[in-house]
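Computed from a predicted model, the values in this text were never measured in an experiment. Computation of the quantities below employed the complete heavy-atom set of this structure, encompassing side-chain atoms and omitting hydrogens, waters and symmetry-equivalent molecules.
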Amino acid sequence: MSDALLATSLPGASALAPKIKTSEGRIGDGGCHKVASVMECAVFEHRTGWDRSQGPVAKSHSVQLRIGLMPASPSGQEMHPLVMAMAARIRQCRNGFPELNPLGLSDDLEEIIGTLDGEALFIRNEVHSCRGLRKLHLEIARLGLGLQILHCVFFPDPRFDLPVFGADIVASPAGISAAIIDLSPVGEHLPERIQSGLEVAVIPAFQQVRDLPTWATIFSPFVRFIRPVNQQEEDWFVELVDDYLQVLGDAVKAAEPDDPSAPSTLARYHGQVSYCRQQKRNDKTRRVLEKAFGTVWADRYIEELLFDEPLSP
C-alpha cells in the first residue's frame, strides 16, 4: 500500500529507489534482522543519536523499547488495539507463506528514533522474503502519544504472476482515521486465481467509505478504503485483511515461476516498477522524514526500504 496514500494523516512518500537483491538476504548496509512480535513483553535496548545530515549515529543515549516495538508512554498508553491486532494477524498469515526467510536490516533502518515538531517519533520495520514474494515489509510508527501508523506491503517476484498486497492503518487518540486494504495488479488485470478469490470474499457493510486520491489508479476494483466507526467495524477490517492474505497465500503456494526472460516476467517487472513510482508521486513522506532525520537518511530510507524497485530480470 502506501505511506503516500495516508499522507493526509501523516505526511508521507517520494523518490526513485534502487534495486534490492533479495537473494542476498539484506537491506541496508549491515546488521541482522530481529523479528519482534507486538504481543511479546520483552524489552529491547537501542542506543542511538542523530546527526540531521547523516541520520542515526552511535551515542550513549539509551531508549527502551517495550512490547518489542515502541517505547511505553509515560502515561502507560500503548499502541492502538487495531494496530496491534492487525500486526499480529499479518504476522500470523505471513508465517504460513512458503520458504519464509527474514531479510537483514541495518540497525538504523530496523529501529528508528527521532523527533518531529518536538514529539518523539518511533519507527519499527520487519522485512522478509518468501517463495513468490521478493519482499514482505511491515512498518509500525508512533508520533508522540498520538498518531500511530501501520504500513504493510508485500512485493511479488516478477517471475510469478502475483499481485502487490498492501494494508495501512492510521490511528490517533480520537480513533481510526483511515484503514485501507488491496491486492493490486502489476499488469492490466489481477491474476485469475486472485480475481476469483476476491470475488467471493465477504465485504462488510462499513458505514464510512473514503474516496481514493486522484493518483491512486494502481489499485484494484477490490480496494477498500474506510474509516471504521466502532469496535465491530475494526474487527471486520482485521478479518477482511485475513481474507485477502488467505487469497494471496493460496496463490503463492500454487504459483510457478516463469523464465526470467519470458515476456510475462518482463511485463510484470515493468508493471511493478510503475507501481512503485506511482506510489512515490506524493512527496509528503520525504518531507516528514527529512524534517525528522535529515535529507541523506530520508533518501536512503525511501530508496532502500519503502518502495524499492525490483531487480531487472
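Once rounded to the nearest 0.5 Å, the distance linking CG of Leu116 with CG of Leu147 reads 9.5 Å. Atom SG of Cys130 is separated from atom CZ of Arg94 by 10.5 Å, given to the nearest 0.5 angstrom. The structure places CD of Glu111 at 10.0 Å from CG of Asn125, a figure rounded to the nearest 0.5 Å. Rounded to the nearest 0.5 Å, atoms CZ (Phe293) and CG (Asp108) are 10.5 Å apart. Taken to the nearest 0.5 Å, the CG atom of Leu143 stands 9.5 Å off from the OG1 atom of Thr115. Within the model, atoms CG of Asn95 and CD1 of Ile90 stand 11.5 Å from one another, a figure rounded to the nearest 0.5 Å.
By the 4.5 Å heavy-atom criterion applied to side chains, Ile169 and Phe237 are counted as neighbours. Within the 4.5 Å cutoff, the side chain of Phe154 has no heavy atoms near those of the Val252 side chain. Considering only heavy atoms from C-beta on, Met79 comes within 4.5 Å of Arg142 through its side chain. At least one side-chain heavy atom of Leu190 sits under 4.5 Å from a side-chain heavy atom of Pro163. Annotation: side chain of Trp297 is in contact with side chain of Ile112 (closest heavy-atom distance under 4.5 Å). With contacts defined as side-chain heavy-atom distances shorter than 4.5 Å, the pair Pro204/Leu240 qualifies. Contact of the Phe307 side chain with the Ile302 side chain is not registered, since no non-hydrogen atoms from C-beta on lie closer than 4.5 Å. At a threshold of 4.5 Å between non-hydrogen side-chain atoms, the residues Phe97 and His128 do not count as touching.
Between the side chain of Gln148 and the main chain of His80, a donor-acceptor pair closer than 3.5 Å is present. Between the side chain of Arg210 and the backbone N or O of Ser177 there is at least one donor-acceptor pair closer than 3.5 Å. Gln272 places no side-chain N or O within 3.5 Å of a backbone atom of Phe155 that could act as its donor or acceptor partner. With hydrogens and angles disregarded, no donor-acceptor distance shorter than 3.5 Å links the side chain of Asp168 to the backbone of Ile180.
For Asp258, the salt bridge (charged side-chain N to carboxylate O under 4.0 Å, His left out) partners are Arg268, not counting sequence neighbours. For Glu234, there are no side chain to side chain donor-acceptor pair (under 3.5 Å) partners, not counting sequence neighbours. Under the rule for a ring pair (Phe, Tyr, Trp, His ring centres under 6.0 Å), the partners of His137 that lie at least two apart in sequence or sit in another chain are His151. Applying the side chain to side chain donor-acceptor pair (under 3.5 Å) rule to Asp235 yields the partners Gln231; only residues at least two apart in sequence or on another chain are considered. In terms of the salt bridge (charged side-chain N to carboxylate O under 4.0 Å, His left out) criterion, Glu192 has no residue partners (sequence neighbours excluded). Partners of Leu266 by side-chain contact (heavy atoms from CB on, under 4.5 Å), not counting sequence neighbours, listed by chain and number: Pro313. Applying the side chain to side chain donor-acceptor pair (under 3.5 Å) criterion to Arg159, with sequence neighbours excluded, gives Asp157. Residues passing the side chain to side chain donor-acceptor pair (under 3.5 Å) test with Gln92, sequence neighbours excluded: none. Scanning for side-chain contact (heavy atoms from CB on, under 4.5 Å) contacts around Arg193 gives Ala251, Ala254, with sequence neighbours left out. Shown here are the salt bridge (charged side-chain N to carboxylate O under 4.0 Å, His left out) partners of Asp259, two or more places apart in sequence or in another chain: there are none.
A salt bridge is defined here as a Lys NZ or Arg NE, NH1 or NH2 lying under 4.0 Å from an Asp or Glu carboxylate O, and Glu233 with Arg227 fails to meet this definition. A salt bridge links Glu256 with Arg131: at least one charged nitrogen is closer than 4.0 Å to a carboxylate oxygen. Between Arg124 and Glu110 a salt bridge is recorded (basic side-chain N to carboxylate O distance below 4.0 Å).
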Point to revise | Leu82 vs Leu150, side-chain contact (heavy atoms from CB on, under 4.5 Å): CA-CA, chis, key distance, verdict | key: CA-CA 10 Å; Leu82 180 57; Leu150 181 148; over 6 Å; no

**Study point:** Residues Lys291, Asp117; criterion side-chain contact (heavy atoms from CB on, under 4.5 Å); working and verdict
**Key:** CA-CA 9 Å; Lys291 188 173 183 180; Asp117 295 332; 2.6 Å; yes

Practice item. Please test Ser129 against Leu103 for side-chain contact (heavy atoms from CB on, under 4.5 Å), starting from the C-alpha separation and ending with a verdict. Key: CA-CA 7 Å; Ser129 67; Leu103 293 177; 3.8 Å; yes

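Here salt bridge (Lys or Arg N to Asp or Glu O under 4.0 Å) pairs that include residues 144-155, with residues two or more places apart or in two chains, number zero. For residues 242-251, the pairs satisfying salt bridge (Lys or Arg N to Asp or Glu O under 4.0 Å) are Arg89-Asp242, with sequence neighbours left out.
Pairing each heavy atom of Ser220 with each of Asp182, the nearest pair is OG-OD1, 2.5 Å. The two residues Leu245 and Cys93 come nearest to each other via the heavy atoms CD1-CB, 3.7 Å. Across Lys135 and Leu306, no two heavy atoms sit closer than the pair NZ-O, 3.8 Å. In plain terms, the two heavy atoms of Leu289 and Tyr301 that are nearest each other are CD1-CD2, 3.6 Å. Across all their heavy atoms, Glu119 and Gly144 have their closest contact at OE2-CA, 3.8 Å. The two residues Pro310 and Val273 have their closest heavy-atom pair at CD-CG2, 4.0 Å.
Under the 4.5 Å side-chain heavy-atom criterion for grouping Ile, Leu, Val, Met, Phe, Trp and Tyr, Met86 is not connected to Val229 through any hydrophobic cluster. Hydrophobic clustering, with ILVMFWY side chains joined whenever heavy atoms are under 4.5 angstrom apart, groups Ile203 together with Phe222.
Partner of Ile181 under the side chain to side chain contact (heavy atoms under 4.5 Å, CB included) criterion, out of Phe219, Phe165, Phe225: Phe165 alone.
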